[in-house]
There are 2 protein chains.
Amino acid sequence: MAYHASNSPADDTRERLLHAAGHEFARVGFAAASVRSICEAADANVSAVKYHYGSKESLYLAVWAAAAEQMVSAEPMPRLEQFEDPKDALRAFVAWFMRLVLTESKIHPWAGRLLAHETVSPTPGALDMFVKHCAGPVTQEISRIVKAIVRRPMKAKTHDDLVFAVVALCVNPKHSCEILTKLGHPPPDSRAGINRMARVMAEFAISGLTGFTGEEGD
Amino acid sequence: MAYHASNSPADDTRERLLHAAGHEFARVGFAAASVRSICEAADANVSAVKYHYGSKESLYLAVWAAAAEQMVSAEPMPRLEQFEDPKDALRAFVAWFMRLVLTESKIHPWAGRLLAHETVSPTPGALDMFVKHCAGPVTQEISRIVKAIVRRPMKAKTHDDLVFAVVALCVNPKHSCEILTKLGHPPPDSRAGINRMARVMAEFAISGLTGFTGEEGD
DNA sequence: GGATGGTTCAAACGGGCGCTTGACTCCAGC
DNA sequence: GCTGGAGTCAAGCGCCCGTTTGAACCATCC
């Protein structure tokens, strides 16, 4: 029962916990993160997790909910209908997507790495939440854009492959961040750098889609 | 109680440990895997790890060494010089790469997931080993093929982006396996299915590279 | 002033972890 | 038959984990 307009000290602790947890879960994943280190970072007692969120897992899901909320509210997803040329739609979409995935701002600092960890070590609730609210809508929109660009009729499986190829181009820099860095090609982190890379990926995808002739062999 | 067959009982245990460890490390990653569960799966005593490999970490590196060895020895990497048309080199390379990444055979069952875990939660030694012996040579060869296909002069950064775009197309199905499955588009596991997808990715990449005109804005 | 209820705290619980120990079996070489 | 080293084993070490507990704190209301 927090009737105060300003934050009560309890709300403060709750929020500090959420922030520290987001940081830690994003850094090392759910299993490797420890409640103790989160509480230490949040300057809170260990039992505060139990009190405010119930359990480590509930805290994790709260972090996911916050991250998903931030992702969709930060910048609206471009839609095919907003553009005359579907190629422009793809350009805008790729730029939006890569900003979403790569930007490490105050707005959505964790989503990218949370997802990367979840991809490799799924947690029952979190991945379902992500697929339903984020991955689903994103791939659906890319699917429509790809269809509008390619135009030629195409097997469903091939179409899906191309859709996920576009997704791959956008998420790979984040996904393979460590390897790319070790290979001397770290992903961009400035907005300008991200937009530059997005332009490259978009043009590569556009000419890849318009020139695609890969179904003879089937 | 194992009577001596061709191998000594010690070699047997050593090998069973390596196999069980590969399976477990690939499944859950280094940190989440436990020596106890590995030994249980290998039907060996906990102290066998210390006796045969020295430590959990040394066992992990032994698994990596075995996986890397299997990866390079399974099927030789196609090289640009073996083809008249660099496009054919890319076709062969993508097919080889995707078979390598996606195949869950007796030959190299763990490498893909080991790498996925390592990508997101790096272990000092293992990722370095992988980058030096696997990722480095692979990206270097793709770089040469891409250069041969594009021909136009191009900024180094843009060129690298395109190289890693090709890599992204090949590794994404493995990398995002869980999400793709939840979205109703599981990666192929049969050789025929992998080759089909590889053909799609290769043609997409080829027309993407030949038609690429993405440097005006710079 | 005293009771109430939300919030924080140090301490401890049970359990799993990687690793170590020391006794045990087994077998080849003498 | 004895010995010594290779290999195995159950037991236990200290540590960190997520969680629980019960008391203390403190603003609020009677």
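Chain letters run A, B, ... following the sequence lines, proteins first, then strands; residues in each count from 1.
Enclosure of atom NE2 in His19(B) is not indicated, since only 12 or fewer non-hydrogen atoms of other residues, nucleotides or ligands lie within 6.0 angstrom. A 6.0 Å sphere centred on NE2 of His23(B) holds no more than 12 heavy atoms belonging to other residues, nucleotides or ligands. The local environment of CD in Glu75(A) is crowded, with over 12 non-hydrogen atoms from other residues, nucleotides or ligands closer than 6.0 Å.
Close placement of the Phe130(A) and Trp64(A) rings is indicated, their centers lying within 6.0 Å of each other.
Distance CD (Glu24(B)) to P (dC17(C)): 10 Å, rounded to an integer number of Å. Glu40(A) places its CD atom 12 Å from the P atom of dA10(C), with the value rounded to the nearest Å. Atom CD1 of Ile38(B) and atom P of dC19(C) are 11 Å apart (whole Å). Per the geometry, CG belonging to Asp12(A) stands 14 Å off C1' belonging to dT8(C), to the nearest Å. Taking atom NE2 on His52(A) and atom C1' on dT7(C), their separation rounds to 7 Å, with Å as the unit. Atom pair Tyr60(B):OH and dG18(C):C1' shows a separation of 17 Å (rounding to whole Å applied). The separation between Tyr51(B) atom OH and dA10(D) atom P is 17 Å, rounded to whole Å. The separation between Leu17(B) atom CG and dT8(D) atom C1' is 12 Å, rounded to whole Å.
Proximity of a side-chain donor or acceptor of Ser55(B) to a complementary backbone N or O of Ser58(B) within less than 3.5 Å is detected. Side-chain atoms of Ser34(A) come within 3.5 Å of backbone N or O of Ser37(A) as a donor-acceptor pair.
A close approach under 4.0 Å does occur between a side-chain nitrogen or oxygen of Thr13(B) and OP1 or OP2 of dT8(D).
Relative to the ring axis of Tyr53(B), Arg14(B) places its NZ or CZ within 45° and under 6.0 Å from the centre.
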query: Please walk me through it: do Val166(A) and Leu90(A) pass side-chain contact (heavy atoms from CB on, under 4.5 Å)?
result: CA-CA 9 Å; Val166(A) 173; Leu90(A) 188 63; 4.2 Å; yes
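Among residue pairs with one or both ends in residues 115-127 of chain B, those qualifying as side chain to side chain donor-acceptor pair (under 3.5 Å) are Tyr60(B)-Glu118(B), Glu118(B)-Thr123(B); sequence neighbours excluded.
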message: Output one letter per nucleotide in nucleotides 15-24 of chain D: B when a protein non-hydrogen atom lies under 4.0 Å from the base, S when only the sugar-phosphate is that close, - when neither is.
response: --BBBBB---
Between the protein and nucleotides 3-5 of chain D, which nitrogen or oxygen pairs come in under 3.5 angstrom?
none

